[in-house]
2 protein chains.
Amino acid sequence: MSLTEKVDKRAHILSVAEELFAENGFDGTSVRDIAQLANVNLAMISYYFGSKEKLLEALIEDRAGYTLGILEELSKNQTLTPWQKIDHFVDFYVEKILNNFRFHCIMSQQYNATRSPEIKELLINIKMRNLDQIKQVIAEGQKKKVFRKVDVELTMASVFGTMNHITNSKALYCRLMKIDDTDDASYRKKISPRLKTHLKQMLRAHLDIKNEE
Amino acid sequence: MSLTEKVDKRAHILSVAEELFAENGFDGTSVRDIAQLANVNLAMISYYFGSKEKLLEALIEDRAGYTLGILEELSKNQTLTPWQKIDHFVDFYVEKILNNFRFHCIMSQQYNATRSPEIKELLINIKMRNLDQIKQVIAEGQKKKVFRKVDVELTMASVFGTMNHITNSKALYCRLMKIDDTDDASYRKKISPRLKTHLKQMLRAHLDIKNEE
DNA sequence: TTAAATTAAACAAACGTTTAAATAACTTTT
DNA sequence: AAAAGTTATTTAAACGTTTGTTTAATTTAA
């Protein structure tokens, strides 16, 4: 038994479930798959979580918690200019998504496919709160006359969408960039600086008041 | 029996499968679900397609075919300026994705989750070919000194990513825009002009050689 | 009359979940 | 500190469904 298994069996099951859900989807993963890879008895999943669906809920609640705090802090920060906040936001989010790409695969997967109203509500609330924080940053920039008028929701859709697209289309971009498709780490390492640069550059042009029409 | 059912049973099954796969995912849809909603006998699916997986392959091949031709034509068009091509491309793609949102839900779903190498290869090839066409448009604009130097792959990721995000996060944007969540048609009608305007505006700023750093 | 299309029934395998018995880890009592 | 009692954890086996697919008989069309 490895260290992580000993420390907290519940957390270990969550981590294995995350891996399998991201790889094969929620419906494509059986509780037996999870139990086997986690080296625990099948019944332990019901014992700890109640059901497969509640296991997914537990996973989402566990992983989605910590983001909001950092965004709130960034949004309220008085010493940074709006441009600096945008850059920090991009850096933070790219790191976050690339480091938690498994979870983000599950999120975008579940967004449309879930038949659980609880999970749907959970996901919408998480996104709404994150969106609100960034809205404030853009609004501040517009008030200070450094950002032009833009469609805030769709601007955010472009930022989130770019990142989702990169994590979800790994196979495609690995082929384009001639990276080994099976090596997650080197993909993240190669794509991370490119992604940060691209998003900052695009947002700089897109938000700049000089490009007001 | 409705008209579509009589005309071509195979096509009718494909259409019902598309609807259910988009709604509940591939693994979340049983062949019995499809047979029931399509009003055909269960065995007809094996009879026409061989298996559930081959039904998905048939669906992808059927739906993905027609896009490439239009893009090739646009890319090779001699009378349009690069800026006009970008605008046409945005208009075409937004219409296409919103009108075939069910299929695009399946595409982005399958991108990561599929365990079938055939389907994975199919999806990568489709995207690669589409990407190549747009690469040529951007390259032409750069050669003519109207576009600045950008990360072409990631610029495309932003365009595709924005559209995917909008189709996949329907529930969120319906809430933001206070549209009835269950009414697909009015969502598409409301989001379509906004999406076109936003993408054109963003690309105009992003690609403009005046914003060269 | 021959081939194609359609049917109801059955197949084994896999699914999520539950059971009841066994073991381990603590508490309390002696 | 040992024994007894109590709760928490773990187990193998079984539950009833649902899964994708196939069969063999029947109807329809050419």
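Being a predicted model, the structure only gives us computed values, none of them experimental. Proteins come first, then strands; the chains are lettered A, B, ... in the order of their sequence lines, and each starts at number 1.
- Rounded to whole Å, the distance from CE on B/M44 to P on D/dT27 is 16 Å.
- For B/Q142, the CD atom is densely surrounded, since the number of other residues' heavy atoms within 6.0 Å is greater than 12.
- Rounded to an integer number of Å, the gap from CZ of A/F49 to P of C/dG16 is 15 Å.
- Taking the six-membered ring for Trp, A/F103 and A/F21 have ring centres at least 6.0 Å apart.
- For the pair B/Q36 CD and C/dA8 P, the interatomic distance rounds to 13 Å; values are reported in whole Å.
- In this structure, CG of A/L20 is placed 12 Å from P of C/dG16, rounded to the nearest angstrom.
- In terms of phosphate contacts, B/Y47 brings no side-chain nitrogen or oxygen within less than 4.0 Å of OP1 or OP2 of D/dT21.
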Checklist outcome for this item: Under a 4.0 Å heavy-atom criterion, the protein footprint on nucleotides 9-15 of chain C, written with B, S and -, is -B----B
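- Between the side chains of A/T79 and A/N77, at least one donor-acceptor pair of N or O atoms lies under 3.5 Å.
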Item to check | Residue pair B/F160, B/Y93: steps toward the ring pair (Phe, Tyr, Trp, His ring centres under 6.0 Å) verdict | outcome: CA-CA 9 Å; B/F160 291 132; B/Y93 240 89; 5.2 Å; yes
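- Look at CD on A/E53: it is 12 Å from C1' on C/dG16, rounded to the nearest Å.
- Residue A/K200 places its NZ atom among more than 12 non-hydrogen atoms of other residues, nucleotides or ligands, all under 6.0 Å distant.
- Counting heavy atoms from C-beta outward, A/L80 and A/D87 have side chains that stay 4.5 Å or more apart.
- Distance CG (A/D27) to P (C/dG16): 9 Å, rounded to an integer number of Å.
- Nucleic acid contact class of A/Y48 (heavy atoms, under 4.0 Å, all strands): sugar-phosphate only.
- Taking a cutoff of 4.0 Å between a charged side-chain nitrogen and a carboxylate oxygen, B/D181 and B/K170 do not qualify as a salt bridge.
- The nearest whole Å value for the distance from the CZ atom in A/R10 to the C1' atom in D/dT9 is 15 Å.
- Straight-line distance from the NZ atom of A/K9 to the C1' atom of D/dT11: 10 Å, rounded to whole Å.
- The side-chain tip of A/K96 does not point at the ring of A/F101 from less than 6.0 angstrom away and within 45° of straight on.
- In this model, no donor atom of one side chain and acceptor atom of the other lie less than 3.5 Å apart for B/N164 and B/T162.
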Any protein N or O atoms within reach of nucleotides 28-30 of chain D? Criterion: under 3.5 Å, listing atom names and distances.
none

